[in-house]
Amino acid sequence: PQAVPPPQSSTPNPYLNDYFHTPAAATYPLQYHLYAPQPPPRLTLPLAPHESNPHLLFIPNDLRETLHRKNEATLQTMVHSTLPPSINQYHSLVPIDRTYQESKSAHSTVLYKVFSSLDGNPYVMRKIENVEPEQIDFSKFKKWKSVDCANVVRCYDAFSSLSFGKSCLIAVFDYYPNSNTLAEHHKKLGSAPINDEILWGYLLQLVNAVKCLHEKGLSGKGTINLNKIIVTNKDRIRLSSGSISDLLGDEDQDPLDDIHNIGKVLLELSTLTLPINMRSGNIYQTLKSRISEELIESIRELVDADQTFELTAFQSKLSSQTFNVINKLQHANDFMEAQLTSELENARLFRLMTKINYVMSSTNSPELKIIKLFHDHVFNCYDERGKRVVDLSKVLVNLNKLDCGIDEKVLLVSNDDNECIIASFKEIRDIIDSQFRVISRE
Amino acid sequence: PQAVPPPQSSTPNPYLNDYFHTPAAATYPLQYHLYAPQPPPRLTLPLAPHESNPHLLFIPNDLRETLHRKNEATLQTMVHSTLPPSINQYHSLVPIDRTYQESKSAHSTVLYKVFSSLDGNPYVMRKIENVEPEQIDFSKFKKWKSVDCANVVRCYDAFSSLSFGKSCLIAVFDYYPNSNTLAEHHKKLGSAPINDEILWGYLLQLVNAVKCLHEKGLSGKGTINLNKIIVTNKDRIRLSSGSISDLLGDEDQDPLDDIHNIGKVLLELSTLTLPINMRSGNIYQTLKSRISEELIESIRELVDADQTFELTAFQSKLSSQTFNVINKLQHANDFMEAQLTSELENARLFRLMTKINYVMSSTNSPELKIIKLFHDHVFNCYDERGKRVVDLSKVLVNLNKLDCGIDEKVLLVSNDDNECIIASFKEIRDIIDSQFRVISRE
Amino acid sequence: ISGVTSKDFVNFPSAIEEPDIPDPTLEENKIGIDDNVPLSCIGMPYYKDLLLSNYASDLKFVKEFARAPEGINADLLLESERNGGRFMLYDKAKYGPGNIVKKFDIVEGKTAIKNKSQIPKFISERNGNGAEKNGTEEIPGIASEIIDESIFQYKSSNSSVIPNCYSRLQIQYSRFGVRDFDFEFYNKTNGLYCGLENHTDNSYINSLLQLYRFSPVFYNKIVKNLLNEWLPCDLDTILVNTEGSSILTELGYLFDMMDKAKGNNVKIYNFAQVVTHNKDAIAHHLINLDEMNHLNSLDVRNLIISFNKFLLSQINSDLHVQSQDSIEEIMKLTYMVEVRGNESTCPVYDKSYGSILSLDLVTPPSNMLNKMSILINPHLNTTAAQQPPQLANIRRNVNILTYLEYSMNQVKLVPCQQHQHAYPHSLEIKTTITSLPPVLVLNVNLSNEEFQLINGFRKWIIPEFYAVNQKDKFSFKSMISPFDKANSAKYDLLGFVCEISHSSDFALGMHGLVTFVKLDQWYLFNDFLVMPIPEEEVLDLSSPWKKPVVVIYQESSIAQTPFEYFNIETFGKLPNLNDSILYRDHFAGTIREGYKKEYELLTKQEAPKADTLVAIDAEFVLLNPELLEVHYDGFKKLIKPKILSLARVSVLRGEEETAFIDDYVVHTAKIHDYLTSFSGIEDSDLDPIRSAKNLVTLQTAYRKLWLLLNLGVVFVGHGLYNDFRCINLQVPKKQIRDTAEFYYKSDFKRQLGLKFLAYVLLKEKVQSNNHDSIEDAYTALMLYKKYLELTSQGMFESTLNF
């Protein structure tokens with residue numbers, strides 16, 4: 001059966017309108033705002049989570065499920081919380097499980113998902129314990145705040161707090177639901193594949209991050225390692241907790257260290273492609289069986305970078321890979337936009353249902369009766385066999401006609417079949433509209 | 001689970017076949033502004049950061065409208081068409097208005113939007129008239145078909161046909177609704193702005209396209225000019241009709257010409273930033289007042305490229321701009337994902353509300369009570385002064401929590417303040433689900 | 001071709017012939033609600049009007065996630081759990097109407113207690129001339145605040161909403177320090193009665209102190225003891241009692257300061273410190289350093305009641321020790337305990353006597369409540385012949401007298417285990433109060449549920465009653481006949497400490513203590529908020545968030561006793577006054593050999609009197625640093641101010657300009673920072689063993705200043721507000737000459753330093769290093785004299801501007 005192509009027929013279906021076989025039905029064809037086949041790229045069927053397909057770089061295997069789960073993660077609350085109800089304008093603290101935390105420093109870190117009372121957005125709150133106010137160095141924070149790089153998690157706020165008892169440092173960042181570290185993603189979960197293309201993607205993203213930081217005179221310091229880089233979307237990584245090191249007043253670092261660290265991260269990831277027993281010795285040699293020579297060379301160059309290393313020159317060498325990534329990013333954007341084209345009516349329908357439900361919950365009044373009858377007509381009717389009609393298409397047809405307020409008439413029968421009234425969608429719509437106005441301007 | 005519900009789902013649209021598309025569709029263009037009108041920014045009440053209004057909660061109007069129009073364009077049909085009903089598996093031909101067609105070659109080209117009956121997707125069919133089968137050179141076509149570049153319109157099929165009477169060459173490409181050429185976009189429409197950022201973007205996209213082609217041993221030939229490059233999405237260009245030249249057996253071209261042409265395209269676009277009287281003479285000099293020196297230099301290099309020119313070397317020089325573009329693309333990706341998440345949720349919530357409305361219109365039962373109380377909790381609230389509260393954000397969040405079935409508890413109080421019950425969102429959702437199942441099986 | 005493979009497809013549609021009549025309910029046309037189709041599979045008809053799904057563009061609402069979650073009242077949650085999660089009755093009076101969306105407040109700070117109405121004003125933010133404010137005017141800058149939303153609101157529209165006047169208040173610290181906080185704003189007594197600062201250790205005590213302070217016989221007895229000298233200073237005492245003071249003494253000083261402060265705010269610091277170091281207080285867990293942040297409702301009440309008992313007992317024992325006096329004569333209840341077996345063959349019988357200083361109230365059993373109610377109002381139910389009287393209606397007439405009577409005559413049965421007996425039987429233990437004191441202190445030691453009973457009574461606390469003595473047993477009546485008058489005493493309600501619960505009883509840190517006292521009218525004391533309040537609001541206990549905890553009644557005859565406040569004219573001549581400390585040395589611990597004495601004691605000829613001029617300067621050490629929260633944009637929030645402790649005080653004769661006091665104060669607790677570069681105090685200077693200075697106990701130093709103050713001396717110094725505040729001394733303005741105030745350029749809004757002034761005006765090159773309080777006092781004195789000189793010559797202004 002065809003989903004889309006409209007036929008050339010010019011004969012109206014006389015039985016469309018349930019109760020009236022007038023040509024009226026024919027003058028209000030439901031032909032606007034229909035969804036259409038998505039623009040390209042069109043993809044092969046989704047893969048299992050552990051599978052990978054180069055065509056799907058940056059495109060999640062199971063898009064809708066992934067997005068829904070992210071939404072769910074954002075909504076999580078803690079039922080019996082012993083945490084402070086709020087810290088400055090941030091409230092509803094929910095600990096984010098990060099089991100990978102390595103406490104290399106003297107301070108232990110805890111992560112919370114919070115909401116800001118100022119703007120209603122979710123954020124991540126990093127709490128670093130045992131930090132006195134005078135130990136905090138805010139001098140570089142405004143610069144960190146201004147870093148607008150797609151591969152660096154943005155920070156917004158930093159302050160000391162006594163809300164947890166002892167003084168601690170709190171820094172507030174963007175929240176990426178269901179993200180995990182590179183370590184967790186590739187090591188512990190064990191399932192995320194590693195191959196040339198993914199590694200090149202990581203490399204370019206890390207180079208992008210470091211470039212943005214160095215341009216501002218900042219450096220990544222300890223954040224360029226498998227435990228601090230987070231995977232926020234498919235094949236997309238970001239440096240997290242960037243500003244913390246500077247806030248804690250850690251020593252300045254040679255920018256070259258950032259370069260080395262990128263190399264080390266990639267080397268470590270590449271090594272994961274080898275069986276455990278082969279992960280020592282001349283790695284670069286062994287890796288040739290798994291990843292391309294070009295990639296190995298680049299990694300080596302990063303790890304061994306010395307004072308002569310120039311980031312721009314290095315970037316230049318990657319140009320081929322870079323354009324590949326640009327290609328894939330464009331594909332991913334097209335794909336997302338394409339998905340959106342079939343979801344355009346959702347907001348309208350949601351708004352409409354909301355309005356109807358606001359009106360329905362009002363106390364009884366004579367005008368309301370007709371709305372109730374209409375509601376029954378859509379949601380509470382039975383077929384000749386006495387079976388309840390549960391049909392999304394019927395709902396949509398009626399709601400769409402109602403939304404537009406067309407002149408087409410509909411017969412409304414009360415449940416006990418004692419009364420009936422004929423009204424047009426326009427009339428019903430006007431009643432709902434005016435009733436809603438009464439509610440919202442009370 | 002499906003990642004993307006394929007357009008031809010197994011459940012057909014039952015109403016598509018039943019309506020015919022009257023000329024009304026053509027004579028009454030839809031007034032899009034009635035859908036969700038938004039006052040201009042200067043008349044909009046300023047909002048505090050913690051406030052929101054109905055427009056901010058849903059997909060932005062301009063994005064939605066653009067996508068709507070694209071859908072409409074895709075679905076366009078011609079009634080009373082004198083065109084052949086189908087050619088091979090392609091049917092429902094609708095001419096695409098391309099008024100800019102310059103017929104440089106001897107053959108005139110016509111464009112049609114078609115649907116494939118094999119996969120139900122829309123495509124562009126280019127018909128080049130007066131071409132005999134023996135004149136067609138298919139040797140490079142498979143290569144063209146394999147080009148998977150985000151900046152080259154993909155081709156799928158090529159054949160000769162007699163369906164139009166005389167023999168013609170037909171080539172089938174991806175269809176991008178409502179796209180127009182660079183010429184049209186910047187010249188004739190006149191309003192699309194040209195600046196450094198956009199030009200760099202175009203430059204990189206064209207370089208990407210040419211790189212992909214050259215890698216396969218193909219070349220752009222005549223397609224790299226303002227009349228053949230199309231703008232398909234915001235700031236996104238693609239080479240169209242790439243394979244035609246080879247199909248028509250045109251002479252091979254020096255790959256360097258592609259490079260020159262890129263330069264010329266950019267030069268021409270840059271020149272549009274100057275007032276008409278200044279568009280001659282030493283352009284490169286004059287342009288310094290409008291665009292950056294770096295860009296001018298790059299354009300010059302392209303235009304003047306000689307045998308020593310190496311694309312890879314040139315790409316390398318653009319590395320800084322390249323990473324800017326990578327950054328931008330990632331940001332755009334995040335934006336689209338956010339929109340999609342929001343709209344997918346709206347669909348879920350609409351379905352949930354539909355179920356709730358089905359259930360609530362049932363005859364009373366004890367389980368009903370708790371659903372009615374929840375409904376009141378969301379839709380029937382008052383502020384401290386007794387005024388009814390209309391709060392879309394509250395509806396969205398509460399229904400979202402209900403949809404996800406989180407453990408958070410909520411206090412439900414009857415309208416007369418006599419009774420109450422404490423239940424979690426999960427419990428309430430389970431009740432709704434089970435009640436709905438009862439109804440659907442009735 | 002890459003594309004979605006489709007399971008079913010047709011070649012292409014043929015033209016549709018005349019269709020069969022499709023059944024609208026045919027399955028294939030239906031779409032299930034959850035089917036995987038886009039919602040735009042059904043199109044819209046042509047529209048030429050605005051869609052119904054539109055909302056007005058000016059509709060705005062708060063983002064839901066910006067709101068802090070309200071949470072469900074813990075009591076309701078508990079009830080729900082007990083009820084198995086089923087439907088339950090909803091108490092609108094207690095929890096407020098349902099489905100109400102509260103007004104949005106941006107969440108700030110760690111407490112979720114509403115503080116929207118608490119808008120602390122800074123003096124520095126007052127508009128220009130510090131204009132007068134009347135009681136309930138709008139707060140400038142907050143135009144939308146309406147009058148009944150002010151901090152002084154004592155009645156809210158809804159009984160489940162706590163009026164603003166009971167809010168837990170916070171002192172905010174601006175960059176000018178605590179002095180900038182507009183305490184005056186919160187005191188509506190026209191300078192009659194002072195408020196007490198909170199956010200200090202043990203500040204919960206404030207509530208009880210305000211109650212006792214207004215009992216004249218109690219007040220007089222306490223402050224009278226100050227005339228005696230009690231300054232223990234031997235080494236052993238110092239190690240456990242560093243201040244060399246006592247609860248009684250400190251309470252005396254505090255009461256005196258509360259009188260002298262008039263309407264200004266007072267800190268209970270010295271008193272609170274002595275409590276913190278008291279081993280009995282520690283043993284009874286009476287020390288609270290975190291504003292009761294971890295206590296629930298019952299905990300709070302238990303705490304204040306325990307403290308009450310501790311306070312009375314401690315004061316009593318201190319009075320015995322220090323002045324051979326006691327409070328028993330004003331507060332003692334005597335009781336008799338009779339134990340007898342209630343079985344005829346049980347030989348157990350015992351009778352003993354005792355006394356207590358406060359009485360714990362107990363809830364009478366319900367049958368007694370009913371009986372009492374009928375007795376109180378026998379005519380209540382006679383008219384309702386048709387309906388039997390409702391138990392609830394009957395109970396509503398019960399008041400505190402029923403509780404009092406029962407609590408004073410308690411009978412308990414315990415199993416008798418005293419001797420071998422054939423039949424198990426009980427011992428009846430009868431405890432009877434046999435005498436009532438003039439000041440009757442009642443501890444309302446009830447559980448949360450028992451308080452719910454009280455909520456149902458119409459008027460539980462009554463303003464007066466008669467105690468009728470009937471043969472060693474008391475009965476209580478609201479009115480008496482002339483017959484009873486002979487052996488009865490009338491009691492008037494002085495006031496009570498009341499617990500205010502801002503959340504469910506089980507929530508932690510959400511309960512505060514306030515005091516209601518009847519003076520010329522009723523006043524509410526909520527830390528530093530003091531305001532008049534109508535009696536009917538005071539006595540209205542129908543709301544569950546209001547629980548009286550310590551109630552005091554006084555015999556009418558002594559209730560009007562005049563307060564014996566100290567005043568300058570008469571102080572020096574008071575017969576019992578022992579001011580000998582002014583004229584002698586009294587060192588802490590051992591006598592120090594070879595200490596350098598930089599002062600010369602006063603002689604009797606030099607006896608200070610009203611208007612005697614002295615110069616004073618003090619040095620302090622840092623006990624606790626300030627607790628700060630800092631923000632990346634530079635904003636600093638002071639959570640707790642630093643705590644300074646008096647380390648050295650020097651006082652100079654005004655005329656001769658020589659020192660007669662130069663005391664170093666002994667410290668045994670850990671000192672965070674000696675601030676040596678400012679204070680000149682070295683590590684060992686304050687150590688009882690190692691110090692080479694003239695070390696005295698804190699009370700010794702304090703008492704000298706206290707005596708000087710009461711004798712009417714005028715103090716000259718530089719920046720005396722801070723000094724006296726840290727010392728915890730309330731000096732009336734007319735007894736202060738502060739050179740920092742005189743030499744103050746208002747357009748700089750800044751005080752000029754002592755050294756700078758000295759250099760400029762006295763042409764003196766002051767030593768650049770350490771402070772020395774004798775020198776600084778001297779410099780201030782010189783500056784003052786210069787000031788007098790310049791003003792008499794009319795040259796002050798010009799000199800200042802130069």
Side-chain angles (χ1 to χ4, degrees), chain A residues 1 3-7 9-10 13 16 29-30 32 34 36-37 40 46 62-65 67 71-72 75 77 79 118-120 150 208 211 315-316 319 322-323 326-327 329-333 336-337 339-341 343-344 346-347 349-350 353-354 357-358 361 379-380 388 390 395 439-440 442, chain B residues 3 7-8 12 15 18-20 30 49-50 58-59 64 67-68 71 74-75 77 92 115 120-122 150 174 208 211 315-316 319 322-323 326-327 329-333 336-337 340-341 343-344 346-347 349-350 353-354 357-358 361 379-380 387-388 390 395 401 404 406-408 439-440 442:
Chain A
V4 170
S9 157
S10 51
N13 180 340
L16 274 177
L30 302 183
Y32 295 97
L34 278 169
D62 191 355
L63 177 62
R64 275 142 205 265
E65 185 66 26
L67 295 183
N71 195 46
E72 208 175 318
L75 290 172
T77 53
V79 193
L118 275 185
D119 61 23
N208 185 37
K211 165 183 169 287
Q315 279 171 279
S316 308
S319 70
T322 311
F323 273 86
I326 285 184
N327 211 23
L329 283 172
Q330 290 183 101
H331 275 317
N333 279 0
M336 285 290 179
E337 192 179 295
Q339 295 303 305
L340 206 46
T341 59
E343 306 299 332
L344 299 176
N346 306 346
L349 289 167
F350 173 82
M353 276 293 252
T354 304
N357 276 268
Y358 265 118
S361 69
F379 294 106
N380 196 12
R388 186 81 174 264
V390 175
V395 174
I439 290 175
S440 55
E442 249 175 22
Chain B
Q8 54 278 41
Y15 290 90
D18 296 335
Y19 291 91
F20 70 95
L30 200 56
H50 62 264
F58 306 106
I59 183 173
R64 182 190 45 76
L67 296 179
H68 258 150
N71 279 350
T74 307
L75 292 176
T77 54
S92 307
F115 280 98
N121 288 325
D174 264 328
N208 184 38
K211 164 184 168 285
Q315 279 172 279
S316 308
S319 72
T322 312
F323 275 87
I326 286 184
N327 218 19
L329 284 171
Q330 290 184 94
H331 278 317
N333 210 310
M336 272 305 166
E337 190 180 292
L340 188 58
T341 304
E343 295 312 312
L344 288 178
N346 289 337
L349 299 185
F350 171 77
M353 271 205 277
T354 304
N357 277 265
Y358 267 116
S361 67
F379 291 104
N380 200 9
K387 184 178 174 310
R388 189 83 178 267
V390 170
V395 175
K401 289 182 174 179
C404 291
I406 63 175
D407 287 324
E408 181 183 324
I439 291 178
S440 355
E442 260 175 30

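Letters A, B, ... are given to chains in the order of the sequence lines, protein chains preceding strands, and every chain is numbered from 1.
- Most heavy-atom pairs under 4.5 Å with chain A, from the set Glu337(B), Arg64(B), Met336(B): that is Glu337(B).
- Between chain A and the residues Glu343(B), His50(B), Glu408(B), the most heavy-atom pairs under 4.5 angstrom are made by Glu343(B).
- Heavy atoms of Ile406(B) lying under 4.5 Å from chain A belong exclusively to its side chain.
- When each of Asn208(B), Thr354(B), Thr341(B) is scored by its heavy-atom pairs under 4.5 Å with chain A, the top score falls to Asn208(B).
- Of the two parts of Leu75(A), the backbone and the side chain both hold a non-hydrogen atom closer than 4.5 Å to a non-hydrogen atom of chain B.
- Taken to the nearest 0.5 Å, the CD atom of Gln339(A) stands 6.0 Å off from the CG atom of Leu340(B).
- Your options are Asn327(A), Val390(A), Asn71(A), and the one with the most heavy-atom pairs under 4.5 Å with chain B is Asn327(A).
- Put simply, the side chain of Asn357(B) gets close to the backbone of Met353(B): a donor and an acceptor are under 3.5 Å apart.
- Note that OG of Ser361(A) and CD1 of Ile439(A) are 6.0 Å apart. Values are rounded to the nearest 0.5 Å.
- For Phe379(A) and Tyr358(B), the ring centers sit closer than 6.0 Å to each other.
- Rounding to the nearest 0.5 Å places OG1 of Thr322(B) at 8.0 Å from CD of Gln315(A).
- Lys211(B) touches chain A through its side chain: at least one heavy atom from C-beta onward sits under 4.5 Å away, while N, CA, C and O do not.
- Once rounded to the nearest 0.5 Å, the distance linking CD1 of Ile59(B) with CG of Leu67(B) reads 6.0 Å.
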